[in-house]
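What follows is a short report on a single structure.
Excluded from the calculations below are hydrogen atoms, water molecules and symmetry mates; all remaining heavy atoms, backbone and side chain alike, are included. So you know, we letter chains A, B, ... as the sequences are listed, proteins then strands, and number each from 1.
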2 protein chains.
Amino acid sequence: MFSDATIIEALRRKGFKATSQRIAICRYALNSREHPTVQRIYTEVKKAHPTVSLATVYKTLKVLMGLHLVQELVFTETETRYDSNMEPHLNVVCLRCGKVSDAGDQIGKIVAKAASTARFTVTGQRLDLYGICESCGKKKPTVV
Amino acid sequence: MFSDATIIEALRRKGFKATSQRIAICRYALNSREHPTVQRIYTEVKKAHPTVSLATVYKTLKVLMGLHLVQELVFTETETRYDSNMEPHLNVVCLRCGKVSDAGDQIGKIVAKAASTARFTVTGQRLDLYGICESCGKKKPTVV
DNA sequence: CTAAGTGCAAACACTTTGCACTTAA
DNA sequence: TTAAGTGCAAAGTGTTTGCACTTAG
């Protein structure tokens, strides 16, 4: 959980101004556990800042990526999502309802081992499982 | 290694026509170990089929995805790449030179365990590690 | 006060689509 | 023979950029 104070402090320390739009965007992107899309963040932030633009949301997310506070999950079929869980973990992505949840956080050791074998310095990771979640599997026993 | 005969057979079994362009695209996409981009495949196929279009490459890659023979690796910063290794494995992605290599194929068990815990039916996965590869790390000990 | 950030609209890059022509089966 | 596929160019889509205005520090 990131408080506004923490957000402001983190931005300022890196030389970024803590504007009210930025704080609102960060607050939502960093505290949401649902891997929100840009549109979702935009819609949410618009409630308190009706004039905010999509461009500002995009720019702020780039700032957060630079600060290594969020990670992008780009998909072809669906919109890009943003994940503020920076620990090694598996994203479980349902191809039917689009929901993204977290799982398997004991994966850190395997990642570390593979990286050292490959003599590779890891700065980030994206570990996705695609398939059908339990509730979708029940609902419609059809294709994929 | 996919022979032309195997490719033709796989296409026909699913009701797709085995055109010469398609065979060439499949041959390259399925046998290349370098996780090629669309442009790369296009350039390569153009050598034997100078009139081939980008649209055909895109369409054929969608067919291959439908057949679960390749997987898309979408990135923001760089072009989408295609991976014909469908077994659970880690993609080691260098952020400096863009090279993508494979590692850690003992990851299958962890994936299976996490999926069963989440009661999730896995149909595909994307397990990427981002960072700096050994040779890039030596070359330029700077940012990132 | 002034460098950084905002918000609009225009520009981009990659991908998809519509359609007449071609071709595998 | 004919449904499926090709290749072009045009249309989309999500994202980025240029620039005058605004604002945090």
Sidechain-backbone polar pair: S32(B) side chain, A29(B) backbone, donor-acceptor under 3.5 Å: no
Phosphate contact (dT16(C) OP1 or OP2) by K59(B) side-chain N/O below 4.0 Å: no
Protein-nucleotide distance (Y82(B), atom OH; dT15(C), atom P), rounded to Å: 6 Å
Bending between helix ends of the helix from dC1(C)-dG25(D) to dA25(C)-dT1(D) [5 pairs per end, 10° resolution]: 40°
Path from L30(B) to V52(B) over hydrophobic side-chain contacts below 4.5 Å: yes
Euclidean distance, atom NZ of residue K62(B) to atom C1' of dC14(C) [Å, nearest integer]: 11 Å
Residues in contact with DNA chain C, drawn from residues 7-23 of chain A - heavy-atom cutoff 4.0 Å: F16(A), K17(A), T19(A), Q21(A), R22(A)
Rounded interatomic separation in angstrom, taking CG from L61(B) and C1' from dT16(C): 13 Å
Same apolar cluster: V63(B) and Y42(B), side chain cutoff 4.5 Å: yes
E72(A) CD to dT16(D) C1', straight-line distance once rounded to whole Å: 12 Å
Distance below 4.0 Å between T56(A) side-chain N/O and dG7(C) OP1 or OP2: yes
Which residues share a side chain to side chain donor-acceptor pair (under 3.5 Å) with S3(B), sequence neighbours left out: T6(B)
Distance in Å, T80(A) OG1 paired with H35(A) NE2, rounded so as to fall on 0.5 Å steps: 13.5 Å
Heavy atoms of other groups near R119(A) CZ, more than 12 under 6.0 Å: no
Phosphate contact (dG5(D) OP1 or OP2) by T60(B) side-chain N/O below 4.0 Å: no
For atom CD1 of I25(B) and atom C1' of dG7(D), their distance in whole Å: 11 Å
Length of the CZ-P vector between R81(A) and dG14(D), whole Å: 14 Å
Integer-rounded Å distance: dT13(D) C1' and Q39(A) CD: 11 Å
Nearest-angstrom distance from the residue atom OH of Y42(B) to C1' of dC8(D): 10 Å
Transitive ILVMFWY side-chain link Y58(A) to V70(A), under 4.5 Å: yes
Derivation of the salt bridge (Lys or Arg N to Asp or Glu O under 4.0 Å) call for R12(B) and E9(B): CA-CA 5 Å; R12(B) 287 200 185 139; E9(B) 141 90 24; over 6 Å; no
S53(A) side chain near dC8(C) phosphate (N/O to OP1/OP2, under 4.0 Å): no
Shared hydrophobic cluster, I23(A) / V57(A) (ILVMFWY, side-chain heavy atoms < 4.5 Å): no
